[in-house]
Amino acid sequence: MRKRAMALGVLAAVALTAPAASASSGSALPAPTGRYPVGVTEVHLIDHARQDPWVPGAVRELMVTIRYPALPSRKPVAPYMSPGVAEVASEEDAAALGIDPGRLDYEFATHARVGAPAAGWQPVLLFSPGGKQSRALGTAQAEELASQGYVVVAIDHTHEAVAVEFPDGRVARHAMPPSSVEVSKLMMATRVQDTRFVLDQLEVLARGGKPGLPAGLGRAMDLSRVGAFGHSAGGFTAGETMVTDRRVDAGVNLDGSMAYHQGNRDFGRVVSEGLDQPFLLMSAGDHSAVSDLSWQEFVRHQRGWLRQLHLPAGEHFSYTDHQSLVPRLGLDPAAVEPFLGTVDAGRSMTAQRAYLTAFFDQHLRHRPQPLFDGPSPQHPDVEFRG
């Protein structure tokens, strides 16, 4: 049976991990291809008006990673994960794999330089990861989009993510109850509130309301042009946020169902109401509008621009950094196939990054993209489904 975590599920089987690497040996992720160097900073946000839904008595705290087009810099290169998150992730993943945690290293180098000065005035993209996943798992996509001229803000949903590390060294671990329709509805409502709060705080940052940001970053954020994208539950989050917040102009769902629980017909508002804004559906393996009733209903109600792209030889986690990282581990291909399929890793990631960039270029920069006119010979692994 295919082991595939749906939109609101967690990675309950083998949690695939990154190979060891260091700043001196280069990144394990593909290099960004855009004209800008990539800068990065992390920001701690506290919503004093909201209680944390998963931990009684705590206010809602979030960590976000902002990657952005930067000026050339000799600032240090950022690690893939912070030490506290890397420790928890490596422990859990090693246990799932049945190996020594010392063999796993999540602190390998990325391509982004910490605190590099920002360049230009750029559209803003919000990224939400899949259920229980770290915001780090969208790094390859975020670095590419930043190099192409976007400010990309990756959000960790605290106590849902496997672990979140705050600036004072506290590590908040996953603390959600067992999965159910009710828990999933609260999870999605929390994600939408998180996303909208982050967008509120970006407006504060853009006005210079928080000291210590990299030079020029506040004024680099053009919040009149905002997109949202995410993997699995993060794709559902993008759509649900767009229903209630008109500040988000365009969205992408990377292989996430829009139902609150696997197999049920209790769909999100984005499904029953549709959107006026443009939306892109990208699926993999045996998941698409053909098999997912929530996608069928969304397509029926969508009023704005819509395209559906499919990666038939991929799988659910092809839309995460695992697509690039796992092939380096030398694991048995049969063990990896349920998570990543058999698609060529390099071509898969190249196609994903090309389509994401083209989508946001078309709808936030208003530059028509022939890539959405039909199948592309440049990306033979991607099926164009209209």
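Sequence positions, counted from 1, serve as the residue numbers for this chain.
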*What are the two closest non-hydrogen atoms of Lys132 and His174, and how far apart are they?*
CG-ND1, 3.8 Å

List the atom pairs, with distances to 0.1 Å, where a side-chain N or O of residues 34-44 and a protein N or O form a donor-acceptor pair under 3.5 Å, not counting sequence neighbours.
unit_1	atom_1	unit_2	atom_2	d
Glu42	OE2	Arg135	NH2	3.2
His44	NE2	Glu61	OE1	2.7

*Option from Glu144, Arg67, His111 for which side chain to side chain donor-acceptor pair (under 3.5 Å) with Thr139 holds*: Arg67

*Give a yes or no on this: more than 12 heavy atoms of other residues, nucleotides or ligands lie within 6.0 Å of atom CD of Gln378.*
no

*Ala354 to His379 - nearest heavy-atom pair and separation*: CB-NE2, 3.6 Å

*Using the side chain to side chain donor-acceptor pair (under 3.5 Å) rule, take Gln352 and Ser348 through it: C-alpha gap first, then chi angles, then the decisive distance, then the call.*
CA-CA 6 Å; Gln352 291 175 44; Ser348 172; 3.1 Å; yes

*Is Val198 reachable from Phe236 through a run of I, L, V, M, F, W or Y residues, each pair having side-chain heavy atoms under 4.5 Å apart?*
yes

_Please find the pair of heavy atoms, one from Asp321 and one from Ala140, that lie closest to each other, and give the distance._
OD1-N, 3.0 Å

*Where Val290 and Gln296 come nearest, the two heavy atoms and their spacing*: O-NE2, 3.2 Å

_Pairs touching residues 263-285 that satisfy ring pair (Phe, Tyr, Trp, His ring centres under 6.0 Å), sequence neighbours left out_ = Phe279-Phe298

*Before giving the answer on salt bridge (Lys or Arg N to Asp or Glu O under 4.0 Å), spell out for Glu182 and Lys185 the whole-Å C-alpha distance, their side-chain angles and the decisive distance to 0.1 Å.*
CA-CA 5 Å; Glu182 291 71 25; Lys185 286 185 174 181; over 6 Å; no

*asked:* Assess the residue pair Thr33 and Arg353 against the criterion (side chain to side chain donor-acceptor pair (under 3.5 Å)); give the C-alpha distance rounded to whole Å, side-chain angles, the decisive distance to 0.1 Å, and a yes or no.
replied: CA-CA 10 Å; Thr33 65; Arg353 301 202 303 183; 5.1 Å; no

*Between Phe359 and Trp305, what is the ring plane arrangement, given parallel below 30°, perpendicular above 60°, and tilted in between?*
tilted

*Are Leu254 and Val152 connected, step by step, through hydrophobic side chains (Ile, Leu, Val, Met, Phe, Trp, Tyr) whose heavy atoms are closer than 4.5 Å?*
yes

_Please report the interatomic distance NE2(His231) to OG1(Thr320), rounded to the nearest 0.5 Å._
6.0 Å

*Might you work through the side-chain contact (heavy atoms from CB on, under 4.5 Å) test for Glu240 and Arg269, ending with a clear yes or no?*
CA-CA 6 Å; Glu240 286 293 279; Arg269 286 182 59 190; 3.9 Å; yes

*Do side-chain atoms of Glu143 reach the backbone of Ala31 as a donor and acceptor pair under 3.5 angstrom?*
no

_Closer than 3.5 angstrom, by distance alone: can the side chain of Gln362 be matched with the main-chain N or O of Gln369 as a donor-acceptor pair?_
yes

*List the atom of Gln302, the atom of Gln277, and the distance in Å for their closest heavy-atom pair.*
NE2-O, 2.9 Å

*Honestly curious: do Val343 and Val336 fall in one hydrophobic cluster under the side-chain, below-4.5 Å linking rule?*
no

*Tell me, with the steps shown, if Phe108 and Ser27 meet side-chain contact (heavy atoms from CB on, under 4.5 Å).*
CA-CA 6 Å; Phe108 64 88; Ser27 180; 4.2 Å; yes

*Answer yes or no: is there a donor N or O on one side and an acceptor on the other, between the side chain of Asp156 and the main chain of Thr158, under 3.5 Å?*
no

*With sequence neighbours excluded, tell me which residues meet side chain to side chain donor-acceptor pair (under 3.5 Å) with Asp194.*
Arg50, Arg60, His157

_Before you tell me yes or no, could you show the steps for Leu202 and Val64 under side-chain contact (heavy atoms from CB on, under 4.5 Å), namely the whole-Å CA-CA distance, both residues' side-chain angles and the distance that decides it to 0.1 Å?_
CA-CA 11 Å; Leu202 293 179; Val64 302; 5.9 Å; no

*Is a side-chain donor or acceptor of Tyr319 paired with a backbone partner of Ser283 at a separation under 3.5 angstrom?*
yes

*Could you walk me through whether Val59 and Asp47 pass side-chain contact (heavy atoms from CB on, under 4.5 Å), step by step?*
CA-CA 7 Å; Val59 297; Asp47 188 350; over 6 Å; no

_4.5 Å side-chain heavy-atom contact, Thr190 and Glu160_ = no

*Arg265 atom CZ: more than 12 heavy-atom contacts under 6.0 Å*: no

_Heavy-atom closest pair, residues Leu29 and Leu325_ = CD2-CD2, 3.5 Å

*Hey, is the main chain of His310 close enough, under 3.5 Å, to the side chain of Arg385 for a donor-acceptor pair?*
no

*Decide if atom CZ of Arg247 counts as having more than 12 heavy atoms of other residues, nucleotides or ligands within a radius under 6.0 Å.*
yes

*asked:* Using 0.5 Å steps for rounding, measure from the CG atom of Asp361 to the CG atom of Leu356.
replied: 11.0 Å

